[in-house]
J.: 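Mind looking over this structure? Questions follow.
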There are 2 protein chains.
Amino acid sequence: MSYTLEDIARLAGVSRSTVSRVVNNHPNVRPAVRERVWEVIHQVGYQPHAAARSLATNRTNVIGLVIPEAVSTLFTDPFFSLLIRGITDGCYARNYHLMLALFSTPAQEEDLYNRLLRSRYLDGVVLASTRLDDPLVGRLLSDGIPFVSIGRHPDPRVSYVDVDNVAGARMAVDHLIRLGHTRIGTITGPLNMSAGADRLEGYKQALQAHHIPVDEQLIVEGDFTEGGGLASMARLLSLDPRPTAVFVASDTMAMGALRAVRQAGLRVPQDISLIGYDDVPQAAFLDPPLSTVRQPIQRLGETAAHVLVDLITHGQDHAQRLVLMPELVLRQTTARL
Amino acid sequence: MSYTLEDIARLAGVSRSTVSRVVNNHPNVRPAVRERVWEVIHQVGYQPHAAARSLATNRTNVIGLVIPEAVSTLFTDPFFSLLIRGITDGCYARNYHLMLALFSTPAQEEDLYNRLLRSRYLDGVVLASTRLDDPLVGRLLSDGIPFVSIGRHPDPRVSYVDVDNVAGARMAVDHLIRLGHTRIGTITGPLNMSAGADRLEGYKQALQAHHIPVDEQLIVEGDFTEGGGLASMARLLSLDPRPTAVFVASDTMAMGALRAVRQAGLRVPQDISLIGYDDVPQAAFLDPPLSTVRQPIQRLGETAAHVLVDLITHGQDHAQRLVLMPELVLRQTTARL
DNA sequence: TTGTACGCGTTATCAT
DNA sequence: ATGATAACGCGTACAA
């Protein structure tokens, strides 16, 4: 069996309260006593019982990563792997743990919300890639559950951590323009996600800044999947004249786009320039290696965890908003016109 | 604030025990009473407090997914995304939840082991892709923590769920032989993981069954990464004569291999046939679409969760071992010699 | 079938 | 600075 506070107290010849103080670093304990208690603790390998602690403190030291049903098909995108990595790192640094909440169906969403949140498994929640109009946001807000969104959200009450998507897209398209391209297409993300909408906005801003008219024909909405990227690229290639460069709003879609170009018997970057978004690990291994906008995905997750834990512990009354900066990574899918 | 058993009891005009019985589906409750209690519960949206319950029952209804430091660099492989998906589905079906334990360093491994397991956050653990000699196994065993390994493990006490890697590799290599190839190379996984060792074994068995001598030169050890696949393939291509077909032990490595072939100015499958392993979602979108061995990864995870929960609840005394079957998926990277 | 009472391991309040 | 004691919310013998 395993030890309790009581056991440690007996072994160290003090009371349970004192041991508790030692474990929780309370100031009022005589150094000599503190030391002896620690010694016993290490000797027997005592670890406080999480559930008992939770019951007493009303905190679990666990947060959840919520991935809504709407984006669960995107889950195999390396973006999420990196995000998860970052979040766990952030958690561990703050003595927190991460629980997963992947929704597959609306019914599951309802069920899990009750099971995880209302039964107080979690102290708070990281919301990944939610749609702008996701009802989950309102619910968390009204239930007073601390949460932070990955990606901008318009409601003034929600805290979020984001990468500047408008700036990232601008950087990408600016570069294409610098290379002499003027007929530049884009494959967007879902426009009801802030990342999708913002990258499109950046695309437009870059064009306008250079007095290039925005041609709606050159804008095709994608879905952040490889298959979607392939189909969207095929559409762009069927245009006449076709674009000489395309800004693709995610690396995963860019992989599909690359294949569409090849299927059409064209070459990248000689016939058409391509630039992706994310810089997932695969990007450097594509053929040719993909130029892209690097997002600090892992740091994004880490930051989200930290912000959330702060929200939980210091109970901020006003929303926290943080935006990180992306950077352009030039490889071999872009060429002078 | 939120309701407790006591509140529900008062509102329904019964005692706390009765409400507890209703919630836990104990038989001895008069139907009329049961119904009235449920009504109150639904009306006020009562949810039992997880921590309180854990303290009383000594069970948390949470399991952990442990990804050892050794394989944490592989974490972005879609294999893990699919596995996680499967595990969560399996958990939800059994009223369980999933917590992540991703180790980055040995120190973290030690720390997390204490924080997660010894403080009883978890009822049990799924061990992913552990090396055959991982000390974690011995520790879990001696601490009596229920766990199931993803992938075969030699110790008779450990439960595992696996896909038949020997059979899968045999299927793949058999097919290459059927196409007329005899000079067949392989890029293996890490040979200290069962998946790596077993797929190599299957490769050898297939050759031997057809009386083709095993040539050690044609066997190069990979690491399940894309970069590793690229480098290993380059080595195989430098052989003289070079192999006419290669069995690559993971799709991710196959992506790298594909690129190595292209860099060498060769074509797949005209100059060299390739066959991968896993059938990750990307495989169908590669250029050309990858022939591969499909693993039911998601079902693997789901099954692991079920086995683990059974282990936890029924406390099996003997280890559970389950092996699922892979299947060959022929696309366009294999051709007759 | 239902209710009473105790225990689960901790934290926190209040004396001392 | 330390110790007794009352919560925290639930499950469960045991009694009725």
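Just so we're on the same page: letters track the sequence lines, and every chain starts at 1. Quick caveat: nothing in here was measured; it's all calculated off a predicted structure.
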J.: Please work out if A:S17 contacts a base, only the sugar-phosphate, or nothing of the nucleic acid, heavy-atom cut-off 4.0 Å.
T.: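 Counting heavy atoms under 4.0 Å across all strands, the contact made by A:S17 includes a base.
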J.: Check this one for me: any side-chain N or O of A:R30 less than 4.0 Å away from OP1 or OP2 of D:dT2?
T.: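 The answer is yes; a side-chain N or O of A:R30 sits under 4.0 Å from OP1 or OP2.
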J.: Does any N or O donor sit under 3.5 Å from an N or O acceptor when you compare the side chain of A:R21 with the base of D:dG3?
T.: yes
J.: Taking atom CZ as the centre, does A:R157 end up with more than 12 heavy-atom neighbours from other residues, nucleotides or ligands that are less than 6.0 angstrom away?
T.: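 Counting other residues, nucleotides and ligands, CZ of A:R157 stays at 12 neighbours or fewer.
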J.: Nearest nucleotide by nearest heavy atom, which residue falls closer to the 5' end of DNA chain C, B:L55 or B:V14?
T.: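 Residue closer to the 5' terminus by nearest nucleotide: B:V14.
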J.: Where the side chain of B:T60 meets the backbone of B:S54, is there a donor-acceptor pair that is under 3.5 Å apart?
T.: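 Absent.
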J.: Classify the nucleic acid contact of B:S20 as base, sugar-phosphate or nothing, counting any heavy atom under 4.0 Å across all strands shown.
T.: base
J.: Name the residue from A:N24, A:N61, A:N58 that meets the side-chain hydrogen bond (donor to acceptor under 3.5 Å, both in side chains) definition with A:R53.
T.: A:N24
J.: Assign B:V23 to base, sugar-phosphate, or nothing according to its heavy-atom contacts below 4.0 angstrom with the strands shown.
T.: nothing
J.: D:dG3 C1' sits how many Å from A:I8 CD1, rounded?
T.: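 Distance check: A:I8 CD1 to D:dG3 C1' gives 18 Å.
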J.: To the side chain of B:P48, which of D:dT2, D:dC8, D:dC10 is closest?
T.: D:dC10
J.: Roughly, in whole Å, what's the span from CD in A:E35 to C1' in D:dA1?
T.: 17 Å
J.: Measuring to OP1 and OP2 of C:dT10, would you say a side-chain N or O of A:Y46 lies under 4.0 angstrom away?
T.: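 For A:Y46, the contact criterion (side-chain N or O under 4.0 Å from OP1 or OP2 of C:dT10) is met.
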J.: Tell me whether the OP1 or OP2 atom of D:dG9 has a side-chain N or O from B:T4 closer than 4.0 Å.
T.: no
J.: Using a 4.0 Å heavy-atom cut-off, does B:L5 contact any base of the nucleic acid, only the sugar-phosphate backbone, or nothing at all?
T.: sugar-phosphate
J.: Between C1' on D:dC10 and CG on B:N24, what's the gap in Å once rounded to a whole number?
T.: 9 Å
J.: What is the distance, rounded to the nearest whole Å, between atom CG of B:N28 and atom C1' of D:dA15?
T.: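 Between C1' of D:dA15 and CG of B:N28: 15 Å.
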J.: Side-chain N or O of A:R16 less than 4.0 angstrom from OP1 or OP2 on D:dA4?
T.: no
